Each structure stands twice: as structure tokens, then as C-alpha cells.
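Reading through the C-alpha cells given below for one structure.
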Amino acid sequence: MRSAFSQAAIGRTVRDQEFVTALNQRVRLSDYRGRPLIVSLVYTSCADVCPVTSSALADAVVIAEDALGADSFRVVTVGFDARHDTPDRMLAFARRNGLDSDTWQFLSGDGDAIDRLAEDLGFLFYAAPQGFDHMSQTTILDAEGRVFRHVYGAGFEPQQLVEPLKALVFGRQSTLTSWSGLVNQVRLVCTIYDPTSGKYRFDYSIFAMIGGGVLSLGAIAVILVRGAVRGWIRSRQLHRA
């Protein structure tokens with residue numbers, strides 16, 4: 001049931017809501033549009049799942065910034081315990097868990113804003129004796145604020161987050177009618193995850209394959225031309241005899 005509720009949000013445009021950053025600045029979700037946005041919902045008194053999820057997200061963000069560019073996307077963590085997740089507590093949560101990035105903001109909201117955001121994201125949470133029973137879900141919005149992909153689980157692998165981000169940054173926003181679009185398409189295909197280093201790298205082997213293919217086609221063309229010329233010469237010789 002949770003999975004179906006979550007997946008039903010794919011493609012949905014998230015409604016514009018006002019939140020407050022950990023530095024007490026008012027922002028709206030529409031302020032983040034124009035670039036992909038990663039949204040993580042936590043509650044600050046969570047002792048296990050939320051810190052683990054945030055740590056996995058931090059690892060993935062570092063790798064994504066290195067592979068895609070630090071300015072190519074933004075990240076927000078929203079405290080869904082509206083009564084207690086104040087800006088001060090969101091800031092303390094970030095510091096306690098070593099979450100420090102220029103692309104990352106920690107937001108607080110009132111109960112109505114949190115409920116609407118959770119509904120739009122397909123995120124479920126319930127009050128429980130230990131705090132909250134909730135999904136472990138990280139959501140990627142596209143540049144227009146639509147739900148593009150969910151990543152489930154607390155300790156997810158970085159490429160589970162970076163791959164859909166890469167598709168948004170290099171793929172869906174690019175066209176082949178411009179030089180920058182063509183470059184982005186090449187970067188989309190050639191930027192691959194290297195499990196040995198745990199990072200993304202540019203794979204030049206595709207150019208070697210293309211070069212090899214061109215050389216092979218050239219060799220075949222030479223053989224065909226030579227055969228045609230020899231056939232023409234032979235027919236001329238027979239005609240003269």
C-alpha cells in the first residue's frame with residue numbers, strides 16, 4: 001500500500017508552499033525551480049532511520065556534485081514533525097549529522113504545508129510511541145517541480161540517486177539542436193559510475209569504439225573500391241582482346 005501511494009506521486013507537480021530555512025529565511029518551493037531538487041523528509045528527534053538516510057544522502061550529494069556540477073541541482077531536508085522541527089532544531093540536526101553543503105538547505109513548515117508536501121510526494125508518516133512510523137524515501141523533483149523519481153531505503157547506494165539526477169541534468173534538459181545540448185548528450189552517455197573508486201568518471205572508450213568503427217568502415221570501402229577498379233580494368237582488357 002505504501003509503495004503504491006508513493007509511486008502514484010510520480011509525475012505530480014508539487015504544490016508551492018512556504019517554508020523557513022534553518023537561518024530563519026522564508027522560502028517557497030517555487031524558489032528552487034529551474035534545477036532538479038532532492039527532497040528528504042525527516043524528524044529531528046529520530047535516532048536511527050533519519051540520520052542514516054541523511055548520511056547516505058550526504059555521500060550521494062558529494063558524488064553528484066563532483067560528477068554533475070555543484071550548481072546543477074539543489075537539496076532540501078524538511079522536518080515533518082511540524083510542532084517540534086523548528087529552524088533551530090533543523091540546524092542542530094544538520095550539524096549533529098555533519099550535513100554541510102552550499103546546495104543543501106534545512107526547512108521547517110507549519111502543519112498544513114507539511115501535510116500538503118507529504119501528500120504531493122506520496123510520503124506517509126504516523127505518530128507512534130517511539131516518535132513516528134514513516135517511510136524512508138528520498139525524492140527527486142525535476143526543474144519544473146514534478147516528482148521524477150523516489151529512492152527508497154535508509155542506506156541506499158549513491159548511484160541510485162545520481163543516475164536519475166544525471167538523466168535530468170544531462171538528458172531531459174538537453175536537445176541535439178545546440179552545441180551545449182550535444183555536449184550534454186555525450187556527457188550523459190559517457191559519464192559512468194566506477195565502483196572501484198566510488199565516483200563517476202568520463203568514459204573515453206566510446207570514442208575508441210567509434211574510431212575503430214570508422215577505420216573498419218574505411219578499410220571495407222577501400223577493399224570495395226579496389227575490387228571495382230580491378231573489375232573495370234579487367235573488363236577493359238577483355239574488351240580490347
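Keep in mind the model is a prediction, meaning the values are calculated, not measured. Just so you know, residue 1 is the first one in the sequence shown, and it goes up from there.
- No path of Ile, Leu, Val, Met, Phe, Trp and Tyr side chains, each step under 4.5 Å between heavy atoms, connects L91 with W104, placing them in separate hydrophobic clusters.
- Heavy atoms only, all atoms of each residue included: R89 and H84 are closest at CD-O, 2.9 Å.
- Residues L29 and L117 form a side-chain contact, since some pair of their non-hydrogen atoms from C-beta on lies under 4.5 Å apart.
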Evaluate the criterion side-chain contact (heavy atoms from CB on, under 4.5 Å) for residue pair I10 and H150; output intermediate values, then yes/no.
CA-CA 8 Å; I10 300 295; H150 296 306; 3.8 Å; yes
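- Looking only at distances, no side-chain donor or acceptor of R149 sits under 3.5 Å from a matching main-chain atom of L161.
- Contact record, Q17 with A113: OE1-CA, 3.6 Å, taken as the closest heavy-atom pair.
- Here the side chain of S72 pairs a donor or acceptor atom with the backbone of L68 at under 3.5 angstrom.
- Annotation for A60 and F156: closest pair CB-CE1, 4.1 Å, computed over non-hydrogen atoms.
- Taking the charged nitrogens against the carboxylate oxygens, R201 and D194 do have a contact shorter than 4.0 Å, which makes a salt bridge.
- Counting heavy atoms from C-beta on, the side chains of C46 and F93 never come closer than 4.5 Å.
- Summarising the local packing, CZ of R95 is surrounded by 12 or fewer heavy atoms from other residues, nucleotides or ligands at distances under 6.0 Å.
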With side-chain contact (heavy atoms from CB on, under 4.5 Å) as the test, would you mind laying out the steps for V75 and L37 before giving the verdict?
CA-CA 6 Å; V75 188; L37 178 67; 5.8 Å; no
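- Looking at Y193 and K199, their side chains never come closer than 4.5 Å, going by heavy atoms from C-beta outward.
- Summarising the geometry, atom OG1 belonging to T103 is positioned 9.0 Å from atom CZ belonging to R35; distances are rounded to the nearest 0.5 Å.
- Every pair passing ring-ring contact (aromatic ring centres under 6.0 Å, His included) that includes a residue from residues 31-62 is listed here, sequence neighbours excluded: Y43-F80, Y43-F132, Y43-H134.
- Rounding to the nearest 0.5 angstrom, the gap separating the CG atom in D85 from the CD1 atom in I114 is 8.0 Å.
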Give the intermediate values and the outcome of side-chain contact (heavy atoms from CB on, under 4.5 Å) for residues T77 and L107.
CA-CA 6 Å; T77 288; L107 307 181; over 6 Å; no
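- For the atom pair CZ of F106 and OG of S40, the computed distance is 8.5 Å after rounding to the nearest 0.5 Å.
- Counting heavy atoms from C-beta on, the side chains of S54 and V42 come closer than 4.5 Å.
- Ring-plane geometry between F125 and F123 is classed as tilted, the angle between the planes lying from 30 to 60 degrees on a 0 to 90 degree scale.
- The shortest non-hydrogen separation linking S6 to Q137 is OG-OE1, 2.7 Å.
- In the hydrophobic cluster analysis, where Ile, Leu, Val, Met, Phe, Trp and Tyr join through side-chain heavy atoms closer than 4.5 angstrom, V78 is grouped apart from L23.
- Judged by distance alone, the side chain of N97 and the main-chain N or O of L99 form no donor-acceptor pair under 3.5 Å.
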Applying side-chain contact (heavy atoms from CB on, under 4.5 Å), run through D31 and R33 and close with a yes or a no.
CA-CA 6 Å; D31 295 336; R33 291 186 181 171; over 6 Å; no
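- With rounding to the nearest 0.5 angstrom, the OG1 atom of T138 is 9.0 Å from the CG atom of L41.
- Pairs passing the salt bridge (charged side-chain N to carboxylate O under 4.0 Å, His left out) check and including a residue from residues 154-163, sequence neighbours excluded, read E163-K166.
- In this structure, the side chains of P36 and V169 come closer than 4.5 Å at one or more pairs of heavy atoms.
- Using a 4.5 Å heavy-atom threshold, the side chains of V14 and L121 count as touching.
- Taking the charged nitrogens against the carboxylate oxygens, E18 and R26 do have a contact shorter than 4.0 Å, which makes a salt bridge.
- Here the side chain of D66 pairs no donor or acceptor atom with the backbone of I63 at under 3.5 angstrom.
- Note on V147 and F5: same hydrophobic cluster, where clusters join Ile, Leu, Val, Met, Phe, Trp and Tyr whose side-chain heavy atoms are under 4.5 Å apart, directly or indirectly.
- Grouping the Ile, Leu, Val, Met, Phe, Trp and Tyr side chains by contacts below 4.5 angstrom, directly or via other members, places V49 apart from Y126.
- No side-chain heavy atom of T21 sits under 4.5 Å from any side-chain heavy atom of F19.
- Residue R74 holds its CZ atom at 8.5 Å from OG of S101, rounded to the nearest 0.5 Å.
- Listed by first then second residue, pairs satisfying salt bridge (charged side-chain N to carboxylate O under 4.0 Å, His left out) with a partner in residues 109-123 read R15-E119, R15-D120, not counting sequence neighbours.
- The shortest non-hydrogen separation linking G109 to A82 is O-CB, 3.5 Å.
- For the atom pair CD1 of I38 and CG of L141, the computed distance is 9.5 Å after rounding to the nearest 0.5 Å.
- Taking every heavy atom of both residues into account, A67 and Y200 meet most closely at CB-CB, 3.5 Å.
- Neither V20 nor V27 shares a network with the other; the hydrophobic side chains, linked directly or stepwise wherever heavy atoms of I, L, V, M, F, W or Y lie under 4.5 Å apart, form separate groups for each.
- A donor-acceptor contact under 3.5 angstrom links the side chains of D16 and S30, judged on distance only.
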